[in-house]
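Encoded as structure tokens, the structure appears first; notes follow it.
Side chains are part of it too, since the values below use all heavy atoms of this structure and drop only hydrogens, waters and symmetry mates. Note that the structure is predicted; figures quoted are calculated from it, not measured. Here is how names work: the chains are called A, B, and so on, in the same order as the sequence lines, proteins then strands, and each is numbered from 1.
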Amino acid sequence: MNTPRQELEARVAAAVHRLFSPAPPAPYVRPCPDLRHGDFQTNAALVLAKEAKANPRDLAAKLAAALALADLADQPDIAGPGFLNFRLKPAYLAQQISLRATDSRLGLPAVANPETFVIDYSSPNIAKEMHVGHLRSSVLGDALARLYRFLGHTVITDNHIGDWGTGFGMILFGYKRDGDPEKLRQDPFGHLESIYRRVQEEAKADESIREAAKRELVLLQQGDAANLELWNRFLKYSLEALDTIYRRLGVKFDHTLGESFYNDALPGVVADLLKLGLARESEGAVAIFSDGKLPPKDDPFLVSRDGKYDDNPLLVRKSDGGYNYATTDLATIRYRHDHFHAKRVLYIVDGRQQMHFRQLFAAARRWGYGAMDLEHVWFGAILGADKKPIKTREGGDVKLKALLAEAEERAGKIIAEKRPELPEAERAALGRVVGLGALKYADLAQNRNLDYVFSWEKLLAFDGNTAPYVQNAYVRIRSLFRKAGLEQAPVAEVALTEPAELALAAKLLDFADSVHLAASEYRPHYLCLYLFELATLFHKFYEACPVLTAAAPVRDSRLVLCDLTARTLRLGLDLLGIEVVEQM
RNA sequence: GCUCCCAUAGCUUAACGGAUAAAGCAACGGUCUUCUAAACCGUAGAGUGUUGGUUCGAUUCCAACUGGGAGCGCCA
């Protein structure tokens, strides 16, 4: 099933094909930025005229004459320098609405050639409680996983947790000295983090503590039974605590293969890199250097200093024999290739690590994994009101747990004001869905590359482009159906006459375009924008067009429109990881 | 020093090389005896950091510059 845009594009392509024997690159049809001009436009004539050195308006006229689209749109206008503007016919809109009214995928068929994606997101450290910095990765990654899954791809989600590394030496040392098994069980993050902080503080001043921590780490890495047992306990309790948070967030993973999972593979990775000549020893460490095949400007293994290029190697083994996270990342790439047969891997990681990923991906290509498409889907920082990385008043990280609690509580308070008659338990349930939805949506609704200034006012502002606004449109429709005593829309002829009906119908048909756009660019904010516009058009329709009080044929037609709107809003929000409620 | 990212109404943002740059918030003024006012309608508000270039056409591409942020061998 094509969207109107896809259908018009196919018709334009066919016409272009008839007019030009070597068919030029596919022309495109896009929505008119200004609806006064029409619903869709193509600039195909402008592009073709440039190629053929012809008059664009003449070409546009020829193209218009060659188009066969009487069943879906009026004969196009030729406008400006040679645009063709299309206006869809109400009968076509109505027919397309009817087709989607009985389609559970709302007019978006699954892809014909599914690919296997691995999506890597969230990735907290198990010795530290999750904080606000993990929110974007978790929420974005989850939304992208849902989007690609819905499109019909095979999606494997993997939480690459930090469960190994130098920090654990300090934790082991500190835990042995003043750990408390009961506290560990009850609040693993709180306990481990306070231990970690204390030892880190002491180690700054005391060389012997630094040494002791290092010895614990070496013991752990050598497989010492006592340290391994402790580490396993840290892992077990931390994973349980993480689970609680993820359940609350509504974020899921197929796998949680942390750094420790790749431990045993690391020596082999380095040996392989050395054998292949990709890496060599340098100052006691092992590193990957430039192979000179790229222009120095584009070579991630070179950096320009004072006018000449210096090495900027990627370290894969430290001079003390330990491994870097680059090594783990390379082992992970190999595993995802060999074991998951991934065609594409998305890393949902903040933008500060761009250099690391450029080096990592270049190293992976040279290592022979060039057929796999590796993408760093990066996002901006979360800043406080002072535009500096966000901290609590005490200077610590803002805990995710506290954040979720506050979102739910604040939403609950607003609901209590608006709906005092609801029972307490119901209000709490609504607060959870609305608060969490607002929190996630605020993050998803803006371009991920921008820094994000955190503020409660903004997060829980329930006006404008927010989750509650969109959820509310859904609630209004459900309320109509409750009032009508109907579970779903009647099977009815769809007839569209009012401007508000036509605008709503046209927007409903664009759903698949927005999903494709959001997925292909890894930018869920396109879908948010679509849902906001859809909700706005629904509210306008609701204002202008009575539903239940209209005469029978109009009433049923409008109920079909309402039902499709509700299902589109629900599915769209679901693809973002946001729930709906039946009333609010 | 080098590399990367960002710069659009008072604020937060949108714009998939196209037409008179689009929304929300805040401001101001309206609409609840009519399917839930977490709604709707209206007014005012920018020419996209600067200077060039490519193009029939640039917020979008290229170059230089300015301002802000981040990163640059044994942390992840």
Side-chain angles (χ1 to χ4, degrees), chain A residues 28 30-34 36-37 41 43 46-47 49-50 56 79-83 85 123 125 162 165-167 259 282-287 297 300 302-307 309-320 322-326 328-329 349-356 358 378 380-381 383 387-389 414-415 417-419 434 442 445-447 449-453 455 457-458 461-466 468-469 471-473 475-477 479-480 482-484 513 517 520-521 523 525-526 529 532-533 535-536 539-540 542-550 562 583-584:
Chain A
Y28 71 93
R30 39 164 277 159
C32 279
D34 187 335
R36 279 171 300 184
H37 295 125
Q41 63 170 228
N43 64 357
L46 292 166
V47 175
K50 189 183 260 181
F83 295 108
N85 288 329
S123 316
N125 192 296
T166 45
E259 292 169 351
S282 164
E283 299 171 31
V286 176
K297 200 183 163 310
L302 292 177
V303 64
S304 166
R305 281 203 189 89
D306 306 322
Y309 284 98
D310 270 2
D311 285 322
N312 182 36
L314 180 69
L315 264 72
V316 293
R317 195 174 72 201
K318 300 191 277 186
S319 54
D320 69 2
Y323 297 94
N324 304 72
Y325 81 136
T328 313
D329 282 350
V349 179
D350 85 271
R352 285 174 305 189
Q353 299 199 29
Q354 285 183 92
M355 175 65 98
H356 168 70
R358 277 184 59 208
W378 66 269
L383 309 175
K387 305 260 178 150
K388 289 193 189 123
I414 294 168
I415 288 160
E417 274 169 35
K418 304 267 182 193
R419 304 294 305 275
V434 173
Q446 89 175 39
N447 184 338
N449 294 141
L450 297 173
D451 285 348
Y452 179 103
V453 177
S455 91
E457 289 66 37
K458 197 181 141 191
F462 292 171
D463 309 299
N465 188 7
T466 64
Y469 179 85
Q471 286 167 327
N472 185 235
V475 162
R476 289 191 146 188
I477 298 169
S479 162
L480 279 178
R482 268 199 307 279
K483 206 152 262 181
D513 287 337
L517 186 61
S520 66
E521 306 260 316
R523 294 186 193 281
H525 82 269
Y526 287 122
L529 190 64
F532 173 60
E533 286 171 354
T536 302
H539 280 129
K540 290 183 184 188
Y542 184 81
E543 203 75 21
C545 302
V547 178
L548 299 181
T549 53
C562 285
Q583 59 168 323
M584 65 193 272

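With the nearest nucleotide of RNA chain B identified for both A:G351 and A:P313, A:G351 has the one nearer the 5' end. Of the residues near RNA chain B, A:A285 and A:M355, the one whose nearest nucleotide (by heavy atom distance) lies more toward the 5' end is A:M355.
As rounded to whole Å, 12 Å separates atom C1' of B:rG71 from atom CH2 of A:W378. Atom-to-atom, CG of A:L314 to P of B:rG73 comes out at 12 Å; the value is rounded to the nearest Å.
Side-chain atoms of A:C32 and A:N85, non-hydrogen and from C-beta on, do get closer than 4.5 Å to each other.
For B:rC32, the base adopts the syn conformation, since its glycosidic angle falls within 90 degrees of zero. Anti is the conformation of B:rG71, whose glycosidic angle sits further than 90° from 0.
In this view, A:N449 and A:R523 satisfy the side-chain hydrogen bond (donor to acceptor under 3.5 Å, both in side chains) rule, not counting sequence neighbours. The side-chain hydrogen bond (donor to acceptor under 3.5 Å, both in side chains) search around A:N125 returns none, not counting sequence neighbours. The salt bridge (Lys or Arg N to Asp or Glu O under 4.0 Å) search around A:D34 returns A:R36, not counting sequence neighbours.
Taking every side-chain heavy atom of A:N324 into account, B:rA76 is the closest of B:rG73, B:rA76, B:rC4. When distances are taken from the side chain of A:V303 to each of B:rC5, B:rC2, B:rA76, the shortest belongs to B:rC2.
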Next on the checklist: At under 4.0 Å between heavy atoms, how does the protein contact nucleotides 36-43 of chain B? Give one character per nucleotide, 5' to 3', with B, S or -.
Outcome noted: BSBSSS--
Checklist entry - How does protein reach along nucleotides 11-23 of chain B, written 5' to 3' as B (base within reach of a heavy atom under 4.0 Å), S (only sugar-phosphate), or - (no contact)? => result -SSSSB-BB---S
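Residue side chain A:S282 reaches the base of B:rG73 through a donor-acceptor N/O pair under 3.5 Å, judged by distance alone.
Residue contacts shown for A:C562 are absent, as no nucleic acid heavy atom lies under 4.0 Å away. Contact annotation for A:Q471: no contact, since no heavy-atom pair falls under 4.0 Å across all strands.
Under the 6.0 Å cut-off for aromatic ring centres, A:H37 and A:F83 do not qualify, their centroids lying 6.0 Å or more apart.
The CG atom of A:L529 lies 6.5 Å from the CG atom of A:N465; values are rounded to the nearest 0.5 Å.
Going from the P atom of B:rC4 to that of B:rC65 covers 12 Å, rounded to whole Å. Going from the P atom of B:rU43 to that of B:rA38 covers 24 Å, rounded to whole Å. Taking atom P in both B:rA63 and B:rG68, the straight-line distance is 22 Å, to the nearest Å.
In secondary-structure terms, RNA chain B builds stems of at least 3 consecutive Watson-Crick or G-U pairs, each pair having both distances under 3.5 Å, at B:1-7 with B:66-72, B:10-13 with B:22-25, B:27-31 with B:39-43, B:49-53 with B:61-65.
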